[in-house]
Amino acid sequence: MKLRIAPSPTGSLHIGNARTALFNWLYAKANGGTFVVRIDDTDMERSTEEYKNNILENLRWLGLDWDEGVDVGGEHGDYKQSSRFERYRDIAQQLVENNFAYKDDGAIRFKVPENQTINFKDFVRGDMTFESSDVEDFVILRSDNSPTYHLASTVDDVDYGITIIARGEDILSSTPKHILIMEALGATLPKFCHLPLLFGSDGKKLSKRHGDTSVEAFRDKGILNDAMFNYLCLLGWSPGDDLEHFDREFAISKFDFNKVLPNSAIFDEKKLLWLNGQYIRSTSFEKFSNDALSQIGKDLNRELFNEETERLNIILPSVQERIETMNDLYDQVSFLLDEPFLVNDQEWESVNSIEAQKYLNIIRNKFIELDEFNLENIESLMRNVLEEEEIKTKVGFQSTRVAITGTKISPPLFESIFALGKETSIARLTESIEKLTN
RNA sequence: GGCCCCGUCGUCCAGAGGCCUAGGACGCUGCCCUCUCAAGGCAGAAACGCCGGUUCAAAUCCGGUCGGGGCUGCCA
């Protein structure tokens, strides 16, 4: 059993292609089949090396690997169609000689037989029937001697011994052409499986208009590869038992093309985001901390100082509980970094009051006298002052939050103060008192 | 227009004739928890496109209809 995906390097890896690749991979893994990745770059105008690399890199990022094909090799060369033009020309010539095709204005067209019924079985859609009278004679070799997709793709599938062709439903109407070529070549027909398409929120084919459509874009947004893999699995398939959060091994153990739905699905970024949050929360703290520190370093575009890392590790457990993507990290923890600390006037105004000023003043003085600056002491100190001075929690804590973190939305307050440390906390409180009483 | 595919809550999925007064999840609303924001917990609104037929019985089978989508390139 051999399956393949054949992306065209005319753009960054598209979510729809990623899902198709993923389903092929799952089926191959589930059945001990061989998975091939080949590059369909017959469109010389639009194909680039950068896109090719991008596609391969993102497939790997998703956790997919392949047994044969571009980059990993195999018995069929480099698995790029641009290297096999001679082969396609020979086949085209052979088809002409055997009267299956003919020259037309410099191009070569396949001669579609009259009154022939083309049948094939589709894993997802069952028995399919097309009439050859509905298929026009189609070009297989362009007048510039380059092969079209129909020829190149079909020849490769035959040459490489592909036994199951699982691809997007957009190719369903072209399948009769491919079958006709295969028959003319005397090849054994593979099985077909046309997977449902992915649509944008307006129900139209997922395209740039819908915002991000490439795997890379979501990767850049801080989506975890495990979450992306999991979410893509859920589009058109489910393992049953209402299970939604699962890993690759589990998906492999349950996957089958027969259980893939025939109807198209709409890509819902909201659910992806939610799932990503679930993954972040279920990651071990050790791994999360590692990823988080490297992400923050990336956002900062510099190495983190040891002191920063120490401070971050204090707050990170709390942050892990409340972010949706790794890109949400920076805003949550930036107050702990050795970077300019600025609070805008609006934030100050929104928490300013006589009571607040009084509260900040008292806790600052008590912080100075506090010998053991730990979580427990900070909390009890702050709560006691609230009680003694009869100041409302919101007034005291929110003003302290702005003073310490710079905003009204932050990780838990006591952890934030503890992570920031005694000295800096006192300095920020002092600064805030000056600012507020001005 | 022609050919083809598809049709369960707004969205993703469960449902393969009686277990369905249709289940789960995202999102949404409310409540609880609470130092903000989240997370978490609980509750709620929300769907079988429509019309016929088959059957004792249909979301599930058949036909039609309507709706959506794909293809119809010397793009893939």
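Convention: sequence-line order gives letters A, B, ...; per-chain numbering from 1. As a basis for the values below, the full set of heavy atoms in this structure was taken, side chains included, without hydrogen atoms, waters or symmetry mates.
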With a 3.5 Å cut-off and sequence neighbours excluded, list the donor-acceptor pairs that the side chains of residues 264-272 of chain A form with protein atoms.
from     : atom 1 : to       : atom 2 : distance (Å)
A:Asp268 : OD1    : A:Lys270 : N      : 3.2
A:Glu269 : OE2    : A:Lys221 : NZ     : 2.6
A:Lys271 : NZ     : A:Glu244 : OE2    : 2.9

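- Backbone-only contact: A:Met128 has heavy atoms under 4.0 Å from sugar-phosphate atoms and none from a base.
- The base-pairing partner of B:C71, taking Watson-Crick or G-U wobble contacts with both distances under 3.5 Å, is B:G2.
- Checked against side chain to side chain donor-acceptor pair (under 3.5 Å), A:Asn327 has no partners two or more places apart in sequence or in another chain.
- At a threshold of 4.0 angstrom between heavy atoms, the contacts of A:Ser238 are confined to the sugar-phosphate backbone, with no base atom among them.
- Taking atom C1' in both B:U8 and B:C3, one finds a spacing of 28 Å when rounded to whole Å.
- Remark: A:Leu234, A:Leu235, A:Gly236 in residues 229-236 of chain A come within less than 4.0 Å of RNA chain B through at least one heavy atom.
- Taking the P atom of each, B:A59 and B:G49 are spaced 11 Å apart, rounded to whole Å.
- A:His150 comes within 4.0 angstrom of a base, heavy atoms only.
- Going from the C1' atom of B:C4 to that of B:G40 covers 48 Å, rounded to whole Å.
- With sequence neighbours left out, A:Asp241 forms a side chain to side chain contact (heavy atoms under 4.5 Å, CB included) with A:Leu243.
- Each of A:Asp157, A:Asn24, A:Thr163 was evaluated against A:Arg4; a single residue qualifies, A:Asp157, per the side chain to side chain donor-acceptor pair (under 3.5 Å) test.
- The partner of B:G44 is B:C28, judged by Watson-Crick or G-U wobble contacts that both fall below 3.5 Å.
- Between B:A22 and B:U60, the two P atoms lie 16 Å apart (nearest whole Å).
- Between A:Phe257 and A:Phe255, a ring centre-to-centre spacing shorter than 6.0 Å is recorded.
- Looking only at side-chain heavy atoms (C-beta outward), A:Ser8 and A:Tyr149 stay at 4.5 Å or farther from each other.
- Here B:C13 is the nucleotide among B:C3, B:C13, B:G7 with the atom lying nearest to any side-chain atom of A:Ala265.
- With a cut-off of 3.5 Å on both pairing distances, B:C19 has no Watson-Crick or G-U wobble partner at all.
- Of the options A:Phe367, A:Phe418, A:Phe414, a ring-ring contact (aromatic ring centres under 6.0 Å, His included) to A:Phe373 is made by A:Phe367 and by none of the others.
- Sorted by first and then second residue, the pairs that involve residues 127-140 of chain A and meet salt bridge (Lys or Arg N to Asp or Glu O under 4.0 Å), not counting sequence neighbours, are A:Lys121-A:Asp127.
- Near RNA chain B, meaning a heavy atom under 4.0 Å from it, residues 105-126 of chain A has A:Asp105, A:Ala107, A:Arg109, A:Arg125 in order of number.
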Using a cut-off of under 3.5 Å, enumerate the N/O to N/O pairs linking the protein to nucleotides 69-71 of chain B.
from  : atom 1 : to       : atom 2 : distance (Å)
B:G69 : OP1    : A:Lys204 : NZ     : 3.3
B:G70 : N2     : A:Ser173 : OG     : 3.2
B:C71 : OP1    : A:Lys205 : NZ     : 3.2

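- In this structure A:Arg89 satisfies the side chain to side chain contact (heavy atoms under 4.5 Å, CB included) test together with A:Phe85, A:Glu86, A:Leu141, A:Asn145, sequence neighbours excluded.
- Contacts of A:Glu49 classified as side chain to side chain contact (heavy atoms under 4.5 Å, CB included), with partners at least two apart in sequence or in another chain: A:Lys52, A:Asn53, A:Lys80.
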Contact pattern, 5' to 3', of nucleotides 21-39 of chain B - B, S or - by protein heavy atom under 4.0 Å: --BBBSS-------BBBBS

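- Checked against a 6.0 Å centroid threshold, the rings of A:Tyr79 and A:Trp66 do not count as neighbours.
- The distance between atom CZ of A:Phe192 and atom P of B:C5, rounded to the nearest whole Å, is 16 Å.
- Side-chain proximity of A:Phe130 to the nucleotides B:C74, B:A76, B:C4 is greatest for B:C4.
- Within the structure, every pair that satisfies the salt bridge (Lys or Arg N to Asp or Glu O under 4.0 Å) test and touches residues 224-233 of chain A, not counting sequence neighbours, is listed here: A:Asp226-A:Arg248.
- Base pairing analysis places B:C61 opposite B:G53; the two distances defining the Watson-Crick or G-U wobble pair are each below 3.5 Å.
- Annotation: B:U65 and B:C71 have their C1' atoms spaced 23 Å apart (nearest Å).
- Phosphate proximity of B:A76 to A:Thr42: present, with a side-chain N or O under 4.0 Å from OP1 or OP2.
- When both distances must be under 3.5 Å, the Watson-Crick or G-U wobble mate of B:C35 does not exist.
- When only modelled atom types and interatomic distance are considered, A:Arg84 and A:Gln81 share no side-chain donor-acceptor pair under 3.5 Å.
- With RNA chain B read from its 5' end, the first of the two nearest nucleotides for A:Asp104 and A:Asp134 is the one closest to A:Asp134.
- Applying the side chain to side chain contact (heavy atoms under 4.5 Å, CB included) criterion to A:Arg46, with sequence neighbours excluded, gives A:Thr10, A:Asp43.
- With both pairing distances under 3.5 Å, B:G7 is matched to B:C66 as a Watson-Crick or G-U wobble pair.
- B:A46 and B:G24 are spaced 14 Å apart, taking the C1' atom of each and rounding to whole Å.
- Between the C1' atoms of B:A47 and B:A14, the separation comes to 13 Å (whole Å).
- Straight-line distance between the P atoms of B:C62 and B:U55: roughly 16 Å, to the nearest whole Å.
- Side-chain contact annotation: A:Asn119 with A:Thr129, donor-acceptor N/O pair under 3.5 Å present.
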